[in-house]
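Sharing a structure with you now.
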Amino acid sequence: ITPEFNKDVKEYAITVPNEVTKLNITATPTDSKATVSVTEYEELKEGENIIMSKYKKMKQLIADMRLPEYRYKQLLDAVFLQGIMRFEDMKLLPKTLREKLVEQFGETVVEIKAIHHEKSMQTDKVLFELSDGNRVETVGLFYKEGWNSFCISSQSGCGFGCKFCATGTLGLRRNLTVDEITDQILYFMQQGCSINSISFMGMGEPLANTKNLFKAIETINSYKGFN
């Protein structure tokens, strides 16, 4: 690709097919043109979708609305530092942005709904209902030394059928999305819990849902609020 060089143009838009999910390019300006070459790309397999966390989608929404980049930081600060979960309550954000966030993501940041608790002095087992009616469990473990650990689910049900595991008797309902995985942690953060460690030992076999699992781990490690 050799677009006509213009010293006043700092960026060039390149259209690529929808099935391309990863694209690395190099641009070499010369006196007369900028040569742009594709150095690496990956294609989606048939029936495969791009996995993107809602936080990246929020960032893209802000960019699409041509709002300043600091609006995204304000949004993350509202969620992770101020604990505001309802988009409408994020008054620092413009009304137009709040309305778009509600339209695209619903009224609250947390998409899963806690419907039952079993508490003891050092544990809190929560039953969550997903948007399609399926359910998963998450357990918070609160040690006397001040260490908080969370055992979270990666699937609703499980397809392995291990006889020693109650989840195995349910069969596999479906894989959890990246946001349904990270929302389990965000829920406990909303309750004022600090996060010291996480184990994927709740419902499901995590390595049978690797794409959403690895993207969830990437998300948890990418935002200061989670860690």
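Just so you know, residue 1 is the first one in the sequence shown, and it goes up from there.
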Q. Between the main-chain N or O of I84 and the side-chain N or O of Q82, is there a donor-acceptor pair closer than 3.5 Å?
A.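 Looks like no, no N/O pair under 3.5 Å.
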For residues 101-115, run the donor-acceptor check on the side chains, cut-off 3.5 Å, and write out each pair with its distance to 0.1 Å, sequence neighbours left out.
unit_1: E107; atom_1: OE1; unit_2: R86; atom_2: NH1; d: 3.4
unit_1: T108; atom_1: OG1; unit_2: V110; atom_2: O; d: 2.8

Q: With sequence neighbours excluded, tell me which residues meet salt bridge (charged side-chain N to carboxylate O under 4.0 Å, His left out) with E137.
A: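 Result, salt bridge (charged side-chain N to carboxylate O under 4.0 Å, His left out) vs E137: none returned.
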Q | Partner set under ring-ring contact (aromatic ring centres under 6.0 Å, His included) for F188, not counting sequence neighbours | A |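 F188 satisfies ring-ring contact (aromatic ring centres under 6.0 Å, His included) with F150 once adjacent residues are dropped.
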Compile the donor-acceptor pairs under 3.5 Å between side chains in residues 156-173 and protein atoms, sequence neighbours left out, one pair per line.
unit_1: S156; atom_1: OG; unit_2: R135; atom_2: O; d: 3.2
unit_1: T169; atom_1: OG1; unit_2: A166; atom_2: O; d: 2.6

Q: Decide yes or no for L93 and L75: does some side-chain heavy atom of the first lie under 4.5 Å from some side-chain heavy atom of the second?
A: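 Yes; the side chains approach each other to less than 4.5 Å.
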**Q.** Partners meeting ring-ring contact (aromatic ring centres under 6.0 Å, His included) with Y187 (sequence neighbours left out)
**A.**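 If we apply the ring-ring contact (aromatic ring centres under 6.0 Å, His included) test to Y187, skipping adjacent residues, the hits are F128.
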Q) What pairs with Y72 under side-chain hydrogen bond (donor to acceptor under 3.5 Å, both in side chains), at least two apart in sequence or on another chain? A)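 Per chain and number, Y72 pairs via side-chain hydrogen bond (donor to acceptor under 3.5 Å, both in side chains) with Y223.
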Q.
Tell me which pairs pass salt bridge (charged side-chain N to carboxylate O under 4.0 Å, His left out) where either residue lies in residues 63-76, with sequence neighbours left out.
A.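 Checked against salt bridge (charged side-chain N to carboxylate O under 4.0 Å, His left out) - neighbours excluded - the pairs reaching residues 63-76 are K73-D77.
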Q | By side chain to side chain contact (heavy atoms under 4.5 Å, CB included) - contacts of M201 (at least two apart) | A |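 Expected list: C151, S199.
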Q) Cluster question for you: counting only ILVMFWY and a side-chain heavy-atom cut-off of under 4.5 Å, with indirect links fine, are L141 and V136 together? A)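 No; V136 is not reachable from L141 via cluster members.
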Q. Under the side chain to side chain contact (heavy atoms under 4.5 Å, CB included) test, which residues partner S120, sequence neighbours left out?
A.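 Checked S120 against side chain to side chain contact (heavy atoms under 4.5 Å, CB included); matches are T123.
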Q.
Any donor-acceptor pair under 3.5 Å linking the side-chain atoms of Q155 with those of N175?
A.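 Side-chain D/A pair, N175 to Q155: present.
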Q) Is there a path from F214 to I185 through hydrophobic residues (I, L, V, M, F, W, Y) whose side chains come within less than 4.5 Å of each other? A)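 Yes, because F214 and I185 connect within a single hydrophobic cluster, where side-chain heavy atoms sit under 4.5 Å apart.
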Q) Hey, does I217 have a side-chain heavy atom less than 4.5 Å from the side chain of I181? A)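 Answer no - side chains too far apart.
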Q | Set of residues satisfying salt bridge (charged side-chain N to carboxylate O under 4.0 Å, His left out) with respect to K119, sequence neighbours excluded | A |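 Per chain and number, K119 pairs via salt bridge (charged side-chain N to carboxylate O under 4.0 Å, His left out) with no residue.
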Q: Indicate yes or no: does D89 engage R98 in a salt bridge with an N to O separation below 4.0 Å.
A: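 R98 and D89: not salt-bridged.
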Q | Salt-bridge criterion met for R174 and E180 (N-O under 4.0 Å) | A |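 Result for this pair is yes, salt bridge flagged.
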Q. Can you find a side-chain donor-acceptor pair between T177 and N212 that sits under 3.5 Å?
A.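 There is no such pair (donor and acceptor under 3.5 Å, judged by atom type) between the side chains of T177 and N212.
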**Q.** Expected output: side-chain N148 to main-chain I195 donor-acceptor under 3.5 Å
**A.**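 No: the side chain of N148 does not pair with the backbone of I195.
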Q.
Quick check: do S153 and L176 have side-chain heavy atoms less than 4.5 Å from each other?
A.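 Answer yes - side chains close enough.
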**Q.** Residue pairs, two or more places apart or on separate chains, that pass salt bridge (charged side-chain N to carboxylate O under 4.0 Å, His left out) and touch residues 142-161
**A.**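 Found none.
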(Q) Is a donor from one side chain sitting under 3.5 angstrom from an acceptor on the other, for T219 and T182? (A)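 No, no side-chain donor-acceptor contact under 3.5 Å.
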Q: Name all residues meeting the salt bridge (charged side-chain N to carboxylate O under 4.0 Å, His left out) criterion together with E218; count only those two or more places apart in sequence or in a different chain, and write none if there are none.
A: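 Per chain and number, E218 pairs via salt bridge (charged side-chain N to carboxylate O under 4.0 Å, His left out) with K56, K215.
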Q) Should we count NZ of K100 as having more than 12 external heavy atoms under 6.0 Å? A)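 Not more than 12 within 6.0 Å, no.
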